Amino acid sequence: MTTGVTSPSLQAAVAELQRGVAGLSGRRPALSQQIRSGALVLATPASLPETGPLLQDLGATGWLLRSTRLQGRDVTLIAANTDLGLLYGSFAWLRAAQTGADLARLDQRSAPKIGLRLLNHWDNLDRTVERGYAGQSLWDWWKLPDIRDPRYADYARANASLGINGTVLNNVNAKAESMTAPFLAKAAALAEVFRPYGIKVWLSARFSAPMELGGLKTADPLDPAVRAWWQAKANEIYQAIPDFGGFLVKANSEGQPGPQDYGRSHADGANMLADALSPHGGIVLWRAFVYAADASDRAKQAYAEFQPLDGRFAANVIVQVKNGAIDFQPREPFHPLLGAMPGTPLALELQITKEYLGFATHLVYLGPLFQEVLQADTGHGGTVARVVDGRLGGQRLTAMAGVANIGTDRNWCGSQFDQANWYAFGRMAWDPDQPARTVAQEWVAQTFTTRPAARDAVAELMMASREAVVDYMTPLGLHHLMGTGHHHGPAPWVDNLERADWNPVYFHRAGRDGIGFDRSPSGSHAVAQYAPAVARRFADPRTTPPELLLWFHHLPWDHEMPSGRTLWAELITRYDRGVATVDDMRRRWAALQPDIDAERHAEVAAYLAVQAREARWWRDACIAYFQSASGLPLPAGVRPPEYDLAHYKALRFSFAPGRGG
Ligand code: GCW
């Protein structure tokens with residue numbers, strides 16, 4: 001192996017190659033030979049000037065892998081403009097090796113399409129994780145900064161292998177304490193571990209921190225003392241963490257403090273923090289997840305508050321928008337803000353942890369969900385991917401965020417297959433146009449098997465899993481039917497929560513007359529928030545895709561579906577299809593036994609058994625409830641729910657995970 005001067009990132013690259021090759025060589029002895037004969041060359045234009053012209057379009061961190069001849073020898077060139085690019089290139093080479101590429105004929109190049117590829121941890125300082133299903137928070141705040149768990153470095157390695165380059169350490173429901181000197185020292189220790197891997201540390205900022213920590217009477221963003229407090233705090237943070245990424249802020253949402261408490265706008269709040277960070281090159285990620293208690297249609301709120309502020313944010317502010325307008329449901333139409341704020345950088349926020357998709361116990365591969373939103377045509381001249389990569393609005397600042405599913409579980413994510421969702425997020429943040437299927441195949445080849453038939457069988461099982469969960473939980477555009485608070489299991493009957501828009505009945509509106517939320521011009525008219533062509537399509541039930549029908553329309557039970565069935569019959573068919581798909585996933589997994597190691601095969605099989613049972617529970621409870629609403633008999637041949645509605649309503653789930661502190 002040839003290397004030049006050693007920076008920490010270059011050392012990390014070499015260490016990864018050595019470790020990776022040692023691990024792989026049992027399976028592919030030729031690899032270690034290739035390394036030992038010095039045939040792998042890591043080069044930047046500084047160490048090997050002839051690489052310069054090859055790298056012109058790859059930016060700072062893109063990479064190139066090429067089988068070529070150098071100084072009379074056959075070599076594999078890993079080249080990039082920087083050492084961090086070489087680290088990414090080294091991981092790309094390992095990926096090629098692990099997925100069975102012909103290493104003597106490599107010719108690959110890639111550069112990230114999105115600048116900031118961030119994990120958002122909803123981790124609390126007491127190590128509980130809001131919506132976390134993988135054990136405790138990885139961050140052992142109590143023992144930091146002195147004790148650095150080796151998993152911090154492994155976390156950084158895993159992230160760097162995907163190109164993830166930033167991590168927000170603490171929950172968006174933030175505690176001011178995370179910005180006190182002792183906690184900044186702890187965050188600085190993590191930043192030091194992550195730095196060689198190109199990962200910057202960010203923090204969620206509590207808007208009222210100047211009051212809680214600084215003893216001020218107000219957190220009004222236009223108050224000079226408040227502004228001075230944040231400036232001093234930013235200076236202190238950059239003293240401790242010179243390459244600090246910036247702040248993520250949840251303001252005026254679900255009880256969090258914010259600028260509206262003082263009659264100021266989101267732009268006033270974000271710009272104040274942006275001014276404090278800008279001398280240091282820091283960035284504000286300001287979340288658009290807001291909804292007021294009195295909203296007639298919760299789906300409309302974010303657009304109503306943010307779209308009029310387009311162009312009013314400081315240059316170092318990014319508005320971070322969830323993929324859909326409600327909340328990380330198994331299926332939502334893309335958020336109407338995406339594409340509607342051309343004068344503002346918009347980050348896409350995806351949820352990797354499966355708050356509304358069966359927690360860690362259900363096998364749901366999220367690649368198809370991510371792809372569906374990224375490839376949605378906004379009607380504003382391009383897809384969501386083109387909004388997020390900045391090409392549509394000509395933005396320089398671009399970002400994609402994933403709410404992490406990582407914890408202290410030995411498998412990191414709560415289940416074997418949930419690792420695939422971390423993987424898919426990282427790969428699709430690097431290149432939002434990567435097909436979910438390719439990403440799944442890649443992951444399977446590196447995780448379970450490279451035998452093509454088995455690899456593809458596992459990938460196809462994964463690909464089917466997302467539609468399955470939609471079918472057995474919330475088919476045809478239904479949403480937010482989950483249990484109160486913990487969001488586990490079906491509870492479409494709940495109608496007594498303090499806020500109307502926390503109740504499932506608010507979202508499905510099922511009654512004798514029909515089912516669905518009317519967001520067409522005859523209802524809340526939320527469709528008007530989309531670009532005209534998209535709005536027209538969603539306004540009419542005949543042109544709304546069946547998958548989103550009840551998101552946009554309230555329709556009679558006998559409404560005729562494209563299948564020729566009535567809406568009532570179609571709803572049941574979808575619930576049945578979801579259950580059948582999970583049964584099929586179990587059969588397919590069972591058939592893969594010869595290809596998968598016994599321990600993981602058995603573990604996944606046990607999880608799938610839970611999923612099959614819970615899919616039936618979802619189907620039965622929802623059909624029992626919707627039948628009580630419709631008053632209709634079950635169509636001929638339909639299996640009746642196992643229990644009556646009262647049984648499902650009486651179920652309770654004490655200590656369900658993920659509630660946080
Ligand atoms: O999805 C909802 C969750 C909350 C979360 C909130 C948010 C961090 O139920 O637990 O709070 O969204 O995204 O801010």
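Remember, it's 1-based here, ligands and their atoms both numbered in the order they're listed. Model, not experiment: these values are computed from the prediction.
- Contact detail for Cys413 and Ala134: the closest heavy-atom pair is C-CB, 3.4 Å.
- Compare Arg287, His487, Met482 by their heavy atoms: the one nearest to atom 13 (O) of ligand 1 is in Arg287.
- Considering only non-hydrogen protein atoms, atom 9 (O) of ligand 1 sits nearest to Glu355 OE2, 2.5 Å.
- When the ring pair (Phe, Tyr, Trp, His ring centres under 6.0 Å) test is applied to Tyr607, no partner is found at least two apart in sequence or on another chain.
- Using a 4.0 Å cut-off between charged side-chain N and carboxylate O, Lys322 and Glu332 make no salt bridge.
- Residue Val403 does not touch ligand 1, judged by heavy-atom distances below 4.0 Å.
- Below 3.5 Å of separation, one finds an N or O of Glu130 facing an N or O of ligand 1.
- Under 4.0 angstrom from ligand 1, there are no non-hydrogen atoms of Gln351.
- Of all atoms in ligand 1, listed by their number and element, those nearer than 4.0 Å to a heavy atom of Phe289 are 6 (C), 7 (C), 12 (O), 13 (O), 14 (O).
- Ring planes of Phe306 and His266: parallel class, angle under 30° (limits at 30 and 60°).
- Between His488 and Phe653, the ring-plane angle classifies as perpendicular under the 30° and 60° cut-offs.
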* To do: Report the C-alpha distance between Arg331 and Glu547 in whole Å, list the side-chain angles of each, state the deciding distance to 0.1 Å, and finish with yes or no for salt bridge (Lys or Arg N to Asp or Glu O under 4.0 Å).
  => CA-CA 8 Å; Arg331 169 167 281 125; Glu547 285 65 39; 5.4 Å; no
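- Closest to atom 6 (C) of ligand 1 among all protein heavy atoms lies Glu254 OE1, 3.3 Å.
- Remark: minimum distance from atom 12 (O) of ligand 1 to any protein heavy atom is reached at Lys322 NZ, 3.1 Å.
- Aromatic rings of Tyr530 and His335 (six-membered ring for Trp) have centroids beyond the 6.0 Å cut-off, not under it.
- Applying the 4.0 Å criterion to heavy atoms of Asn173 picks out, from ligand 1, the atoms 8 (C), 11 (O).
- Taking the ring centroids of Trp502 and Phe507, they lie at or beyond the 6.0 Å cut-off.
- The N/O atoms of Trp122, backbone and side chain alike, include none that comes under 3.5 Å of an N/O atom in ligand 1.
- Looking from atom 1 (O) of ligand 1 to the surrounding protein, the closest heavy atom is Asp327 OD2, 2.5 Å.
- When only non-hydrogen protein atoms are considered, atom 14 (O) of ligand 1 lies nearest to Lys250 NZ, 2.6 Å.
- Between Asn171 and ligand 1, no pair of N/O atoms sits closer than 3.5 Å.
- For Phe517, the ring pair (Phe, Tyr, Trp, His ring centres under 6.0 Å) partners are Tyr506, not counting sequence neighbours.
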